[in-house]
Amino acid sequence: MEAREIIRKDMEALYLGNLNTVEFNLNLPKKGKYGSEIHWISGHERFLDTEGNVRRPAYGTGDRIISLWAEFFYKGVSETKEYKVCILEEKPKIEVTKVEPLQKKAQAGETTYLPYVAVIHTTEGKTLVHRILWENGAKRCYGQTGEFEERGELDGLSVPVSCTVTVEKELRKEKKGTEPLIEYFDHGEASLEEGSRFYTAQKEMQEFLLQTDDDQMLYNFREACGLDRKGAEPMTGWDAPECNLKGHTTGHYLSGLALCYKAGKDGRIREKACYMIRELGKCQDAFACMPGIGEGFLSGYTEEQFDKLEKYTPYPDIWAPYYTLHKILAGLLDCYEFAGIDQAFEVAQKLGMWVYRRLSVLPVEQRMKMWGMYIAGEYGGMNDVLARLYRMSGKKEFLETACYFDNEKLFLPLEQQVDALENLHANQHIPQIIGAMEIFRGTGEKMYYDIASYFWEAVTKAHVYTIGGTGENEMFHGPGRIGSLLTKHTAESCASYNMLKLTKELYRFENQKERMDYYERTMTNHILGGREHGTTGETVYFTPLAPGFHKEFEHENSCCHGTGLESHFKYADMVYAHEGQKLYVNLFLKSRLEWKDAGITIRQMTEMEHPETVVLEVESREEFPMAVRIPGWSGEERGLWIDGKKQDTMSVESGYLCMTVPEGVHEIRCLFPCGFYLESTPDRPELHSLLYGPYVLAALSKEERFLKLDIDPGKAEQEAEKDGLTFCYRGLVWKPLFEIDREPFQVYWEKV
């Protein structure tokens, strides 16, 4: 290879770990895998020196984004690569003002455990979760009924804590019905039609999947179990052979293929999925023949990371082995459910039993400590996928294993209806709530449903940016902290991917129109807006909401690249739903529905440039009730036409425009007045965003200070020049985020 090619391969192969939340020293190699010499330059040696030593900023001074440059040299040729390193501030010195009361129910004669954490309030106005040390440990077994008072203290703070335990003869958990109120058309009955940005995104991502090398996606699995790699190139980025997360992208790829096939029934896509499953089945068989590997194991590495996690080995020595396993299991189940590949279900069940055998022998205390470990213990949605496996197979071991992942640090405050999300990693915890919903479906235990519902309310009411995304630098912060957290690292794409999954599950049981308002906002502005234009298959990690920044497409196998492989095949899933014979139209996309059981076909011809006019061509064999969501962005002067005749009276129920559609073929036209409006941030009311109907508008601007603008939505209606969805107003060009590729922009600006 030529010198520049050597350098290029070394640059691709070099992986430093997750640089978005750094708390530990970095390993900065002096030599590349293929022979380059590497010299390091730090943009701020006080916090990060050229040996990789990290000094965290003092608590209260904020995280630091440090530029780190690697200079690669080989035979007189050199190139430089920049890394952005986010070093987290030190943990706070906590002064407690209040501890939320703790109560627990237990059954006489049965082993139980006292709460591992308590919700505390601090002198700084923070609501946090803190570990408890109980007198004589957390394990209890009460021989008689009655009330018992247990005492302990907050770990490291010497603050007393008590818990009232009510012991009953027979412990009965409160139940809730698990029969869904709403059913979806999410198995291909609904499909997108040509003529929208959503359709373009779906087709371009399909093209990317078709171009992807399956053998490269299998590289780490074959390498780990000793099978021939078939000449494939190694994976790069987060799946590089040197990286401890390798295998996660392959799981997302399986899901992407399955969802893509479901969305378009392209036989080439299913062929690729079948090949992947066959080869992964061979890898699973090969692992079973290796000494020290349990039956059913499958991953991009051996069991070593799982062994180390059980010894509490911290990140970056290991990196979230159960997180990676979740992606693999989810991909297998998606291939079974959406692509009809029976072998995928067989492989998944074997892997699920491996998890059961591994975790069922661990003490509760050990599991709790594992799941509480920073990054190392992150497990994605293992509770979700195992409860889903139970729903599909009926094997109780899978539901039992799903409950092994109960994370009291997250669940207990939500049970108490307290928002203690501050300082929690957003995308680490959202999938756990999705898992709580899936466990609810399997057990009927109301507690799991209630914590999921409260979590959704807490996040969407106090932790989301105007585009629907949540988290800054991957973390939840205090409720209402939005304007003070407008940085380059806002709104991780994975978090929105998972919030939409949670919204879907909750709407299934509640039919609350507000859920779909959030779904539309986030899907349109964050998910669609986070995709690189063209067939690159790339998604932004963060959507920058600091002024003057632009989207960055890193082209590496990050978590957000992985979820991006799936998201663009889900657009049609939530457009329509039904409650018995009543049809709901929830999203306004060019699409087609074939509801064969009811004899109903719908073509929706709504144009993105004219979101105010929803046009439906309906054909049915008999009359049926239909409800069209009244979007939260619409005005009051709505209208309804059936076959061109304006309806003088309209029925509105729970935020839906309701009607009875006659049999035969009819055109339904709904008018939802659409215009400009403003939203301000709760903590900095001078900062606003400008919206037009469902679209968050961004001003194209390189200015890295907030623009000062005098915008009156009513005047903007008259003064703004509109060309499609591009607006010229106040001397600026405004576009929806999904129209912007690499141009710098401002979503938030200062109102004067």
Side-chain angles (χ1 to χ4, degrees), residues 190-204 466-468 516-517 519-534 551 568 571-572 574-576 585-593 602-617 628-635 637-641 644 657 667-679 689-700 711 713-730 732-741 743 745 747:
S191 58
L192 297 186
E193 294 208 322
E194 191 171 356
S196 74
R197 279 72 160 179
F198 294 100
Y199 181 85
T200 299
Q202 180 175 290
K203 295 302 287 185
E204 290 183 348
T466 190
I467 63 172
M516 295 310 305
D517 283 341
Y519 199 100
E520 176 187 54
R521 172 74 66 94
T522 308
M523 178 188 78
T524 303
N525 297 287
H526 196 196
I527 297 299
L528 183 62
R531 183 188 71 93
E532 186 172 22
H533 295 183
K551 301 173 188 176
H568 306 290
Y571 293 134
M574 295 290 283
V575 177
Y576 309 98
V585 181
N586 275 318
L587 299 174
F588 310 130
L589 282 67
K590 276 193 170 180
S591 56
R592 183 180 183 88
L593 171 67
I602 292 184
R603 282 194 69 216
Q604 184 176 166
M605 296 167 283
T606 307
E607 300 284 349
M608 292 187 74
E609 288 77 8
H610 302 285
E612 70 279 2
T613 306
V614 176
V615 183
L616 304 165
E617 185 183 272
V628 181
R629 179 178 62 93
I630 300 171
W633 45 261
S634 71
E637 300 301 318
R638 61 186 72 98
L640 172 65
W641 288 259
L657 190 59
E667 183 190 81
I668 311 293
R669 186 177 296 263
C670 304
L671 176 66
F672 299 121
C674 173
F676 294 102
Y677 56 103
L678 304 181
E679 290 183 349
S689 56
L690 176 65
L691 298 92
Y692 180 81
Y695 311 126
V696 176
L697 299 180
L700 301 186
I711 293 182
K715 292 180 180 178
E717 296 286 345
Q718 309 301 321
E719 299 172 4
E721 297 178 13
K722 184 176 184 288
D723 180 12
L725 286 175
T726 298
F727 301 86
C728 293
Y729 185 59
R730 291 287 190 260
L732 296 163
V733 175
W734 301 78
K735 292 183 176 183
L737 275 177
F738 56 76
E739 295 277 26
I740 297 171
D741 195 17
E743 308 97 309
F745 59 84
V747 165

Applying salt bridge (charged side-chain N to carboxylate O under 4.0 Å, His left out), name anything that partners Lys551, two or more places apart in sequence or on another chain. none

All pairs passing salt bridge (Lys or Arg N to Asp or Glu O under 4.0 Å) where residues 713-730 contributes a residue, at least two apart: Glu719-Arg730

Verify, without hydrogens or angle tests, whether Glu743 (side chain) and Asp741 (backbone) share a donor-acceptor contact under 3.5 angstrom. yes

By side-chain contact (heavy atoms from CB on, under 4.5 Å), Ala698 pairs with (sequence neighbours left out) Leu737, Ile740, Phe745, Val747

Contacts of Phe738 meeting ring-ring contact (aromatic ring centres under 6.0 Å, His included) (sequence neighbours excluded), chain-then-number -> Tyr695

Going by the rule side-chain hydrogen bond (donor to acceptor under 3.5 Å, both in side chains), which residues pair with Thr606 if we only count those two or more places apart in sequence or in a different chain? Gln604

Run the side-chain hydrogen bond (donor to acceptor under 3.5 Å, both in side chains) test against Asn525 and tell me which residues pass, sequence neighbours left out. none

Those residues that, when tested against Arg629, pass salt bridge (charged side-chain N to carboxylate O under 4.0 Å, His left out) (two or more places apart): Asp517, Glu520

Main-chain N/O of Gly693 paired with Tyr677 side-chain donor or acceptor, under 3.5 Å: yes

According to side-chain hydrogen bond (donor to acceptor under 3.5 Å, both in side chains), who are the partners of Glu193, at least two apart in sequence or on a separate chain? Arg603

Suppose we screen for ring-ring contact (aromatic ring centres under 6.0 Å, His included). Which residues come up paired with Tyr576, at least two apart in sequence or across chains? none

List for me each residue that meets salt bridge (charged side-chain N to carboxylate O under 4.0 Å, His left out) alongside Glu532, sequence neighbours excluded, and say none if there are none. Arg742

Lys590 side chain near Glu607 side chain, heavy-atom distance below 4.5 Å: yes

Suppose we screen for salt bridge (charged side-chain N to carboxylate O under 4.0 Å, His left out). Which residues come up paired with Arg197, at least two apart in sequence or across chains? Glu609, Glu739

Listed by chain and number, what are the ring-ring contact (aromatic ring centres under 6.0 Å, His included) partners of Tyr692, not counting sequence neighbours? Phe676, Phe727

Has Glu612 got a side-chain atom pairing as donor or acceptor with Leu671's backbone, closer than 3.5 angstrom? no

